[in-house]
Structures are given as C-alpha cells and as structure tokens.
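A short worksheet on the structure shown next.
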Amino acid sequence: IDDLAKVDYSLNSLPAVFQPFIDLDLKGIVYPAGNCSGPPYVAAPFTIPDQSDSMLYLAFSEYFFQTSSFAYYTAGAFNITIAEETCSYFNISTEIFGSIIPEVAKYSVTPYPVMLKLMATETPIISLGQDSFTVEIQGSMEVFAVLPDSTPQSLFTTNIAANTSIALNIFDQKLMGSLCLNR
C-alpha cells in the first residue's frame with residue numbers, strides 16, 4: 001500500500017463462475033511493512049446482499065479495516081507533531097492557551113509558539129454500520145512552548161478519547177463523506 005503497510009490478499013475459495021457473473025471471494029489482510037505476523041483479530045464471515053443491477057460489486061469487512069488500523073498504529077502513523085512550520089495557518093501561542101488554562105498564563109508571561117504532539121495510545125477501532133462507519137480513537141496530546149532558542153518546554157499533557165462517524169455518499173459521480181464528532 002505504502003511505506004508503512006502492505007496488503008496480503010488471497011482467494012478464500014475457488015471462483016464461482018455463473019452465466020452472468022463471476023464471484024471472487026478474496027480475503028485481504030493488512031500488515032505493518034516488514035512484519036507479517038498475524039493481527040490480533042479474527043475474521044468474521046459476511047455476505048453481500050444478492051443484487052444484479054450493477055456491473056461490479058466490492059465489499060470490505062470490518063476485518064479489513066481493523067487490520068489496516070492495527071498496521072498503521074503499529075507503524076506509528078497516528079503519531080503526529082504539529083508545529084508552526086508544519087502548517088502556516090496553525091498559529092497557536094501560549095497566550096491563547098493561557099486564556100483557557102490559568103496555569104499556562106502563570107508559567108508563560110511572554111507569548112511563545114506552541115507545538116502539539118498527538119499520539120494514539122491504542123489501536124483505533126473501526127466499526128461498520130448500515131450507512132456509515134465509526135472510528136474510536138484513544139490518544140494523548142502533549143503541548144509544548146517553543147522557547148526562543150527552539151527548545152521545546154512541556155506545558156501539559158492531556159488524554160483524548162474521540163468517537164466519530166463517517167457517512168459516505170455518491171454525488172455527481174464523486175464519493176463524498178460527512179464527518180460527525182459523536183463525543
């Protein structure tokens with residue numbers, strides 16, 4: 001897939017060939033690059049509703065998304081550092097945090113740029129629903145003040161638990177998604 005993950009796919013059974021179609025039952029497992037040990041999940045069988053009004057049907061199970069999430073978590077893809085030079089529109093300073101958290105205002109009288117380190121602390125859980133899927137992420141965020149000599153000084157660390165739903169729709173032949181923060 002990329003430098004962090006690879007996919008192993010194989011046939012679960014011989015292809016079923018019928019007059020109007022071919023049914024290929026593939027099993028796809030995503031592994032961290034360089035580590036082909038089995039993921040800590042068990043694949044549950046699922047069926048695709050019997051329809052015949054389209055030329056191609058693709059179905060992805062929760063297992064595929066769970067192994068993808070595990071592979072990227074193991075590879076460290078969910079650890080992100082956001083600094084002023086990372087995003088030109090990201091301009092948060094200790095002054096802004098000081099207005100929200102009084103301890104930061106006491107510590108930092110002079111406004112300094114802020115750097116955020118976001119880390120997933122557990123493998124994100126992906127659940128499929130009828131018209132959407134849900135992503136649960138447990139993590140932590142460490143906030144640093146970047147001092148004039150470019151030394152980061154830790155201000156505080158907080159735990160984060162986020163649960164989001166993503167609904168996918170097709171509009172004007174484009175796949176569109178809508179994101180909802182549940183908690």
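Y112 belongs to a hydrophobic cluster whose other members, connected by ILVMFWY side-chain contacts under 4.5 Å either directly or through intermediates, are L147.
For D172, there are no side chain to side chain donor-acceptor pair (under 3.5 Å) partners at least two apart in sequence or on another chain. Under the rule for a side-chain contact (heavy atoms from CB on, under 4.5 Å), the partners of I137 that lie at least two apart in sequence or sit in another chain are P124, V135. Taking the side-chain contact (heavy atoms from CB on, under 4.5 Å) definition, one finds that E62 meets it with Q66, S127, L128, sequence neighbours left out. Annotation: side chain to side chain donor-acceptor pair (under 3.5 Å) contacts of T158 (sequence neighbours excluded): none. With sequence neighbours excluded, the residues satisfying ring pair (Phe, Tyr, Trp, His ring centres under 6.0 Å) with F64 are F60. A search for side chain to side chain donor-acceptor pair (under 3.5 Å) contacts involving Y73 returns nothing, not counting sequence neighbours. Qualifying side chain to side chain donor-acceptor pair (under 3.5 Å) partners for E142, counting only residues two or more places apart in sequence or in other chains: S154.
T157 approaches S140 most closely through the heavy-atom pair CG2-CB, 4.5 Å. Here the closest non-hydrogen pair linking L4 and A77 is CD1-CB, 3.7 Å.
Residue pairs meeting the ring-ring contact (aromatic ring centres under 6.0 Å, His included) criterion with at least one partner in residues 148-183, sequence neighbours excluded, are F97-F156. Listed by first and then second residue, the ring-ring contact (aromatic ring centres under 6.0 Å, His included) pairs involving residues 115-142 amount to none (not counting sequence neighbours). Within the structure, the side-chain hydrogen bond (donor to acceptor under 3.5 Å, both in side chains) test picks out the following pairs touching residues 174-183 (sequence neighbours left out): N163-N182, S165-N182.
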Notebook entry, point to check: What's the verdict on side-chain contact (heavy atoms from CB on, under 4.5 Å) for M115 and I82, showing C-alpha distance, side-chain angles and the deciding distance?
Noted result: CA-CA 6 Å; M115 178 175 68; I82 301 173; over 6 Å; no

Next item on the list: Determine, step by step, whether L179 and T164 satisfy the side-chain contact (heavy atoms from CB on, under 4.5 Å) criterion, reporting the C-alpha distance in whole Å, the side-chain angles of both residues, the deciding distance to 0.1 Å, and the verdict.
Entry: CA-CA 7 Å; L179 178 68; T164 61; 3.8 Å; yes

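Hydrophobic clustering, with ILVMFWY side chains joined whenever heavy atoms are under 4.5 angstrom apart, keeps M119 apart from L116. L181 and M141 fall into different hydrophobic clusters, defined by Ile, Leu, Val, Met, Phe, Trp and Tyr side-chain heavy atoms under 4.5 Å apart, directly or through other members.
Side-chain N or O atoms of T67 include one that pairs as donor or acceptor with a backbone N or O of Y63 at under 3.5 Å. The main-chain N or O of A167 is never found under 3.5 Å from a side-chain atom of S132 such that the two would form a donor-acceptor pair.
In this structure, the side chains of V143 and V114 come closer than 4.5 Å at one or more pairs of heavy atoms. Side-chain contact between F144 and K117: present, with at least one pair of heavy atoms (C-beta onward) separated by less than 4.5 Å.
Between Y31 and the options D8, V7, T74, a side chain to side chain contact (heavy atoms under 4.5 Å, CB included) holds for only D8.
The distance from the CG atom of L155 to the CD1 atom of I101 is 8.5 Å, given to the nearest 0.5 Å. Taking CG of L118 as the start and OG1 of T81 as the end, the distance is 8.0 Å to the nearest 0.5 Å.
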